[in-house]
Trainee: 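Here it is, the structure in full.
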Amino acid sequence: MFYDKTISAILNNDFSADFSKHKTVQNYNSLFTLYNTLKDKQNEHTSKDLVYRAILNNIETGVLILQKKNTDWDIFLMNDYFSEHFDIPKVSKWKYLKNQLPVLCSIIEDRNFEDIRTSVQIRVDKQDDQTFMLQTSKTKTYNEDYYIILLDSIQKVVAKKEKEAWINLMKVISHELMNSVTPIRSLAQNLEDIVGQESLSKDDMEDIKQSVSAMIHRSDHLQSFIDSYRKLAMLPSPNKESIELSTLLKNVLQIMNPLFVNAGVTVNNTINNNRWLTVDVLQMEQVLINLLTNSIYALENKTEKHIEITSEIKSNRVFYRG
């Protein structure tokens, strides 16, 4: 009877029973070894699953993983950040999530659950709309379809980029400061040794002149370096003027067109409204050029390289999407 129970346990993936007392029974040892091996594998898999879930629950990015069931999607995993940030219970079905986050779900359904990388505006807990970076991807493993959704607060993304930029800036400044301060300190120590002598020779006077000259040279270089960074930090005041949104974007796309051609990127600009903006045209052009350049880099390893540019007006404000 315990032969049948062991086989039944294996087939049902149930390793809660203890068959160790039967392991010495003739012809049962191999089956018992198989049962124990599979039991160890399941325990290992469970342990890894707990670790992965703990990691996902401790990152400050909204993570939602869907699993395909026939023609519908079940929620395979919703991490704590996603649930807490959007104040959503950990529901088990996509159709329940649609009642909680209709804007997000509509975007994903409109794209037919394909790979997405864009920004979305979502209202959180009856507050003003917040902007998030949305990234999605499909994956298939062991004939199971999964759809991974990542949501990052744009404020957090910007803050992270700013922090990285400051760290890199501090590295450059520290390196340059050390390259100037170290020789100046060495020259100062040399001067201290010379002037500490009872009398100064002609050679000593020449050493003093050379050391002072070198210190002035390094100080001038350091001053020039600091001035260049100070000018970089002091951005000019915007020179605002009126320009149509469509005209502004047309000018930028004309500038960027050679880069699009070289990178094999196609661009679809659907902005044709005559909305007037009051902006610093040169600064705004640079902002758009930076965004489009980043988009080209993001598409480097993609098979289909396409950029869609749209805009909409909400509460008398213009929102640009690319």
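FYI, the numbering just counts along the sequence from 1.
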Trainee: Using the benzene-type ring in the case of Trp, are the ring centres of W94 and Y147 under 6.0 Å apart?
Mentor: no
Trainee: Would you please name every residue forming a salt bridge (Lys or Arg N to Asp or Glu O under 4.0 Å) with D74, sequence neighbours left out?
Mentor: K93
Trainee: Does T247 reach the main-chain N or O of I243 with its side chain, forming a donor-acceptor pair under 3.5 Å?
Mentor: no
Trainee: Find out if a path of hydrophobic residues (ILVMFWY) with successive side-chain heavy-atom gaps under 4.5 Å connects I75 to F82.
Mentor: yes
Trainee: Which value, rounded to the nearest 0.5 Å, describes the distance between E241 atom CD and T278 atom OG1?
Mentor: 9.5 Å
Trainee: With rounding to the nearest 0.5 angstrom, report the NZ to CG distance, K250 to L245.
Mentor: 13.5 Å
Trainee: Using atom types as modelled and distance alone, determine if a side-chain donor or acceptor of N12 lies under 3.5 Å from a backbone N or O of S8.
Mentor: yes
Trainee: Could you measure the distance from the CD1 atom of I289 to the CG atom of N294? Nearest 0.5 Å is fine.
Mentor: 12.0 Å
Trainee: Would you check if K95 and D72 make a side-chain contact, meaning some heavy-atom pair closer than 4.5 Å?
Mentor: no
Trainee: If you define the side chain from C-beta out and look only at heavy atoms, does anything of L151 sit under 4.5 Å from L64?
Mentor: no
Trainee: Can you tell me if T37 and D40 form a side-chain donor-acceptor pair at under 3.5 Å?
Mentor: no
Trainee: With a 4.5 Å cut-off on side-chain heavy atoms, are V267 and L253 touching?
Mentor: yes
Trainee: Check whether S119 reaches the backbone of L134 with its side chain - one donor and one acceptor, N or O, closer than 3.5 Å.
Mentor: no
Trainee: How about I122 and F86: do any of their side-chain heavy atoms sit closer than 4.5 Å?
Mentor: yes
Trainee: Any side-chain heavy-atom pair from L66 and F76 closer than 4.5 angstrom?
Mentor: no
Trainee: Using atom types as modelled and distance alone, determine if a side-chain donor or acceptor of D49 lies under 3.5 Å from a backbone N or O of T46.
Mentor: no
Trainee: Step by step, work out the side-chain contact (heavy atoms from CB on, under 4.5 Å) result for N112 and D110.
Mentor: CA-CA 5 Å; N112 197 28; D110 290 344; over 6 Å; no
Trainee: Does V63 belong to the same Ile/Leu/Val/Met/Phe/Trp/Tyr cluster as I107, with side-chain heavy atoms less than 4.5 Å apart forming each link?
Mentor: no
Trainee: Output the distance between atom CG (D14) and atom NZ (K39), rounded to the nearest 0.5 Å.
Mentor: 10.0 Å
Trainee: Taking the ring of F132 and the ring of H85, is the distance between their centroids below 6.0 Å?
Mentor: yes
Trainee: Out of I108, L97, I65, which residue meets the side-chain contact (heavy atoms from CB on, under 4.5 Å) rule with I149?
Mentor: I108
Trainee: Can you tell me how far apart NZ (K90) and CE (M78) are? Round to the nearest 0.5 Å.
Mentor: 8.0 Å
Trainee: Just wondering, do F260 and I307 contact through their side chains at under 4.5 Å, heavy atoms?
Mentor: yes
Trainee: Identify, with sequence neighbours excluded, every residue that meets salt bridge (Lys or Arg N to Asp or Glu O under 4.0 Å) alongside E109.
Mentor: K98
Trainee: For D145 and Q67, does a side-chain donor sit closer than 3.5 Å to a side-chain acceptor?
Mentor: no
Trainee: Can you see which heavy atom on K305 is nearest to which on G264, and at what distance?
Mentor: CB-O, 3.6 Å
Trainee: Test your reading of the model: is there a side-chain donor-acceptor pair from S83 to the backbone of I88, 3.5 Å cut-off?
Mentor: yes
Trainee: Please evaluate residues E84 and D87 with respect to the criterion side-chain contact (heavy atoms from CB on, under 4.5 Å), reporting the C-alpha separation (whole Å), side-chain torsions for both, the decisive distance (0.1 Å), and the verdict.
Mentor: CA-CA 5 Å; E84 293 168 3; D87 194 23; over 6 Å; no
Trainee: What's the spacing between M205 CE and D207 CG if we round to 0.5 Å?
Mentor: 10.5 Å
Trainee: Where do L200 and Q197 come nearest, in terms of heavy atoms and distance?
Mentor: CD2-NE2, 4.0 Å
Trainee: Taking 4.0 angstrom as the limit, do E206 and K202 come out as a salt bridge?
Mentor: no
Trainee: Mark yes when over 12 heavy atoms from residues, nucleotides or ligands other than K140 sit less than 6.0 Å from its NZ; otherwise mark no.
Mentor: yes
Trainee: List the steps and the verdict of side-chain contact (heavy atoms from CB on, under 4.5 Å) for L288 and L249.
Mentor: CA-CA 8 Å; L288 294 173; L249 195 57; 4.2 Å; yes
Trainee: Identify whether I309 and L277 are in the same connected component of the hydrophobic contact network (ILVMFWY, side-chain heavy atoms under 4.5 Å).
Mentor: yes
Trainee: Can you tell me if CD on E304 sees more than 12 non-hydrogen neighbours from other groups inside 6.0 Å?
Mentor: no
Trainee: Is D280 salt-bridged to K240, going by a charged N under 4.0 Å from an acidic O?
Mentor: no
Trainee: Using a 4.5 Å cut-off on heavy atoms from C-beta on, say whether the side chain of W73 contacts that of K68.
Mentor: yes
Trainee: Please answer: with hydrophobic residues joined when any side-chain heavy atoms are less than 4.5 Å apart, are L11 and L31 in the same cluster?
Mentor: yes
Trainee: Answer yes or no: is there a donor N or O on one side and an acceptor on the other, between the side chain of S137 and the main chain of D115, under 3.5 Å?
Mentor: no
Trainee: Do I208 and L191 come within less than 4.5 Å of each other through their side chains, counting heavy atoms only?
Mentor: yes
Trainee: Using the rule that Ile, Leu, Val, Met, Phe, Trp and Tyr join whenever any side-chain heavy atoms are under 4.5 Å apart, tell me whether I55 and I148 fall into a single cluster.
Mentor: no
Trainee: Would you say the side-chain atoms of N57 pair up with the backbone N or O of D80, donor to acceptor, closer than 3.5 Å?
Mentor: yes
Trainee: Quick one, T61 with N79, criterion side-chain contact (heavy atoms from CB on, under 4.5 Å). Give me CA distance, side-chain angles, the key distance, then yes/no.
Mentor: CA-CA 9 Å; T61 295; N79 76 336; 5.7 Å; no
Trainee: What residues form a salt bridge (Lys or Arg N to Asp or Glu O under 4.0 Å) with K41, not counting sequence neighbours?
Mentor: none
